[in-house]
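Chain identifiers are assigned alphabetically (A, B, ...) following the order of the sequence lines, protein sequences preceding nucleic acid strands; residue numbering begins at 1 within each chain.
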Amino acid sequence: MKFESQFAPHITPSGSVQRMMQRVLKALIPAAMAHVYFFGPGLIFNIAVAGGTAIAAEAVMLRLRGLPLRPYLMDFSALVTAVLIAFTLPPLVPWWIPATGAIFAIVVAKHLYGGLGQNPFNPAMAAYVVLLVSFPVSMTSWLPPSNVDIGIAHPALGDSLYYLFTGNLPAGQAMDTITAASPLDVTRNQLAEARNYTEIKTGPLFGNFAGKGWEWIGIYSAFGGIWLLYKGVIRWQIPMSMLLGLFVTATVMYLLNPGAYVPPGFHLFAGAALFGAFFIATDPVTAPASPRGQKIYGAGIGILVYVIRTWGGFPDGVAFAVLFMNMTTPLIDHYTRPRVYGHD
Amino acid sequence: MEHQDKIMPRRFRGGLKLLPNKIQSTLTPIRRVPIPEKLVIPLSQHIGRDAVPLVKVGDDVLKGQPIGAADGDVSAPVHAPTSGTVESIGMHPVPHPGGLGALCVVLRSDGKDHAIDTGLACLDYLSLSPEEIQDRVRRSGITGLGGASYPTAVKMSKAEDRGIKDLIINAAECEPIISCDDMLMREHANDLITGIQIMLHALSAPRALIGIERDKKRAIDALEKALASIGDERIVLRKIYSIYPAGGERQLVQVLTGQEVPYDGFPQDIGYLSQNVGTALAIKHALIDGQPLISRITTVAGKGVHLPGNVEVRLGTPISDLVAACGGYCDGAEAMLMGGPMMGFSLTDDQLPVIKGTNCIVVAGPGELEQTDYVMPCIRCDKCAQVCPVNLQPQELYWQIKGGDLDRANQLSVDGCIECGCCDYVCPSHIPLAQYFRYAKSELRARDRQQEKSQLAKIRFEDRKTRIRIGEDSRQARLAARKKRLAEGDPQERERQIAASVRRAQAKTDTAVEPDKDLSQ
Ligand code: SF4
Ligand code: SF4
């Protein structure tokens, strides 16, 4: 009897890129639900627009590069990028913002650098930074979370959609009457006015740990992230060291001068720290490979987030910190290569 | 018997927990495959140089008679697995990862299975010196039966020269599906221990550590019973965790001793010698029963065969006979492997013969050995590096090899890759990583050989230059001596010289053409 020949190993591989990405998407569900609960359905619209654009852009780029569509489109990586972009956007933005973000992420940050696995920068974060620079007003106009009582009601569903498609609110409504500064901004501005955190915290935007609403999105992201850890999609080194880096830096500064700095707990739960630790910094393509390298990388992000939040001029530091540390990845990889068996 | 119930710490990083899939083939005792009518016995069944044929077509041979002699230091003889007539000697396809053929002796069995007196057996092996035992092992054609097929005697004599702290008996059959060592231990525990004792003596080693996976309960029971009845304090059973590839030579040394084998060396270099249980049993057969290596135990398993199990089979038997002894093919038998699913290689024909290294034949049923579909780009997820038992960074190696930078791959120690396939198994992009590393290793080896060759050529060239110079020197020395003799006025020499120059001058005038042409101008 004759048989076909094949290569070792002859065993079905344990996973696939597709499965990994699907799991990341699943793990984002709790955070997405919290987001919708506190900020209305905007996230869903943004995901729809960014997702659709990303997949279309991916298909076009694959065509241009002469790659087969099916395996690459089915890997869901474009969709993950799109969803991550959507998470960085305020709930109420005109459609061209998620669309521009998705196109930039897929075309420039991903495919122009060689496509899946080759991009040195996290595409979602690169897109976020481009959007922040190009549309600074829209990108910083957040609705207040639904559990904050400062007399601002979220716009009705129809009005939100109207805004999404036209970039304007229906006559008689103005954007700046329905938005509020984010807790991180409030904190920074008020610290600059020499008020201390204990006072600031009594403001309506603040909850148990950090900003109302925001803190829960962070906590729900962590739930999703822990499930990813459990499933082996991500490893603990990056999230852990990033949160530790942020926490330790914040603790040191706070202990040095409790009046001028915010307590470490606030930093952990504020803004995108938890979300970023589990879903952004862990992007394998742009992070170092060895466990030791990952710890350095994570800690670097944590410290930079603190630095940017405290002394920088941007609403949150996660995107910049991640992009900066992305640049150091090859260097970290080079210096943290583990010792091979039998070598001294 | 120290620490019998303790399990050794795992000690090496990475590895995989794989479904063992061994139950199917361990339900029934070892079966015997009938002696076939025609046996095809390759003269190269081992690492090293091929054996040279000792028989001619038409010769009658007896079971156990050498039919191929070891050629050089690293080689092993080959014996007739049964009695019969040599039908032909020629090239035949053999089980080989590259699908190559080899010189084979084709033997037609006479059905009598008459044995020759090999002179290997010995009533009291303790009366033999270690060298004598090694010599008998060499003459028995025994090679490592775990799959690598390195001539055992060569390994032993090298090791004995250096002094051995522990003999390590590899009973950790870590690849899924393979169960021949497990069954061997269950059924031949006493003989195995005897084989180990002989090896201890032949190596002048103080202790033997048997490394066995803790889930081989029946084999452990059998060994413990045998050890208790034989009562040899030098032989210690050590249970280890079942993690693939704990049975890799280097990994097992690490687990049992806590030491790493240097990347460019062997366990012998740090005082350990590792041998597979099958090899130990073969040594017992040779030195006690006088039987050289002419048969082995092989697992036949997979969903493509009706009654999976282990068989004892003469070397040279066509694989189809093994399948027949195991109930034959099921419908939809799809692929055939020699070795396990992780490190084995595929066979394209079931008429290939069983050789010394055939530890397992897997006949895959429909969809059992699914092959990689579409290879995606590496997403640097690092899963491969997490499972690599030797701490390589497969994603980085892959990157370099794919880009054609073999030098960089070499610097990153691709030669340390044990080709275990763990990285392949976890890679979500389904990149055939181990395949890349096999390729890089063989390319680098080929290049080394090439370099050696040109080095050699250079040396030869230098040699030639030196020879020429030496020649010149001596010619000048001769001339000088002659001049000296002339000057010293040796009359005979002078006469000889004059006669010679006259002859030379005559010869010149005889052959000169138009001698005065020059003058006319
Ligand atoms: S497992 Fe595969 S995809 Fe992941 S880093 Fe290794 S080679 Fe790349
Ligand atoms: S095949 Fe080589 S690189 Fe891959 S896990 Fe095994 S030893 Fe490491």
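Other residues, nucleotides and ligands contribute over 12 non-hydrogen atoms within 6.0 Å of the CZ atom of A:R65. Annotation for A:W227: atom CH2 counts as buried by contact number, over 12 foreign heavy atoms lying within 6.0 Å. Other residues, nucleotides and ligands place more than 12 heavy atoms under 6.0 Å from the CZ atom of B:F345.
Between B:T299 and B:I361 the shortest side-chain heavy-atom distance does not fall below 4.5 Å. Considering only heavy atoms from C-beta on, B:F266 comes within 4.5 Å of B:D269 through its side chain.
Between B:Y263 and A:H343, the two ring planes are parallel [angle under 30°; tilted spans 30° to 60°].
Salt-bridge check for B:D349 with A:K2: passed, with a basic side-chain N closer than 4.0 Å to an acidic carboxylate O.
Interface remark: of the candidates A:R337, A:Q118, A:R70, A:Q294, A:R337 forms the most heavy-atom pairs closer than 4.5 Å to chain B. In terms of heavy-atom pairs under 4.5 Å with chain A, the best-connected choice from B:D264, B:L16, B:L18, B:V390 is B:V390. Contacts with chain A were tallied for B:Q435, B:M336, B:M342, B:E419; B:Q435 has the most, counting heavy-atom pairs under 4.5 Å. Of the listed residues (B:C422, B:G416, B:G344, B:P176), the greatest number of heavy-atom pairs within a distance under 4.5 Å of chain A belongs to B:G344. Residue with the most contacts toward chain A among B:Q393, B:Q386, B:Q351, B:Q254: B:Q386 (heavy-atom pairs, distance under 4.5 Å). For the set B:M343, B:R438, B:R250, the count of heavy-atom pairs under 4.5 angstrom toward chain A peaks at B:R250. The choice from A:S77, A:P71, A:G117 that makes the most heavy-atom pairs within less than 4.5 Å of chain B is A:P71. If you tally non-hydrogen atom pairs under 4.5 Å between each of B:P262, B:P97, B:G421 and chain A, the highest count goes to B:P262. Note on A:G115, A:S14, A:G232, A:G114: by heavy-atom pairs under 4.5 Å with chain B, the leading option is A:S14.
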task = Decide yes or no on side chain to side chain contact (heavy atoms under 4.5 Å, CB included) for B:L412 and B:L392, but give the supporting numbers first.
result = CA-CA 8 Å; B:L412 296 172; B:L392 289 167; 6.0 Å; no

inquiry  = Could you walk me through whether B:E260 and A:R339 satisfy the salt bridge (Lys or Arg N to Asp or Glu O under 4.0 Å) test, starting with their C-alpha distance in whole Å, then the side-chain angles of each, then the deciding distance to 0.1 Å, before giving a yes or no?
reply    = CA-CA 12 Å; B:E260 284 183 18; A:R339 184 187 65 88; 2.7 Å; yes

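For A:R19, no part sits under 4.5 Å from any heavy atom of chain B, backbone or side chain. In this structure, chain B has no heavy atom under 4.5 Å from any part of A:N119. With a threshold of 4.5 angstrom between heavy atoms, B:C420 does not approach chain A through any atom at all. In this structure, no portion of B:A364 lies under 4.5 Å from any heavy atom of chain A. For A:Q18, no part lies under 4.5 angstrom from a heavy atom of chain B. If you measure heavy-atom distances from B:C378 to chain A, the contacts under 4.5 Å come from the backbone alone. Heavy atoms of B:E334 lying under 4.5 Å from chain A belong exclusively to its backbone. Both the backbone and the side chain of A:M1 come within less than 4.5 Å of a heavy atom in chain B. Proximity to chain A (any heavy atom under 4.5 Å) is shown, for B:R13, by neither the backbone nor the side chain. In this structure, chain A has no heavy atom under 4.5 Å from any part of B:S320. The part of B:L347 that comes within reach of chain A is its backbone (N, CA, C, O), which places non-hydrogen atoms under 4.5 angstrom from that chain. The parts of B:A335 that come within reach of chain A are both its backbone and its side chain, each placing non-hydrogen atoms under 4.5 angstrom from that chain. Heavy atoms closer than 4.5 Å to chain A are found nowhere in B:F12, neither backbone nor side chain. In this structure, the portions of B:Y425 lying under 4.5 Å from any heavy atom of chain A include both its backbone and its side chain.
When only modelled atom types and interatomic distance are considered, B:Q259 and B:Y272 share a side-chain donor-acceptor pair under 3.5 Å. Checking A:E58 against A:H111 by side-chain atom types alone, a donor-acceptor pair falls below 3.5 Å. In this model, no donor atom of one side chain and acceptor atom of the other lie less than 3.5 Å apart for B:E249 and B:Q251.
Checking each of A:N326, A:T336, A:T329 against A:Y297 for a side chain to side chain donor-acceptor pair (under 3.5 Å) leaves exactly one that passes, namely A:N326.
The shortest heavy-atom contact between B:P245 and B:P389 is CG-CG, 3.7 Å.
Inspection of non-hydrogen atoms places A:P284, A:V285, A:A287, A:P288, A:A289, A:S290 of residues 278-293 of chain A under 4.5 Å from chain B.
Aromatic pair A:F223/A:Y220: ring centres closer than 6.0 Å.
Without hydrogens or angle criteria, B:N391 side chain to A:Y341 main chain gives no donor-acceptor distance under 3.5 Å. A donor-acceptor distance shorter than 3.5 angstrom exists from the side chain of B:K22 to the backbone of B:I178, with no hydrogens or angles considered.
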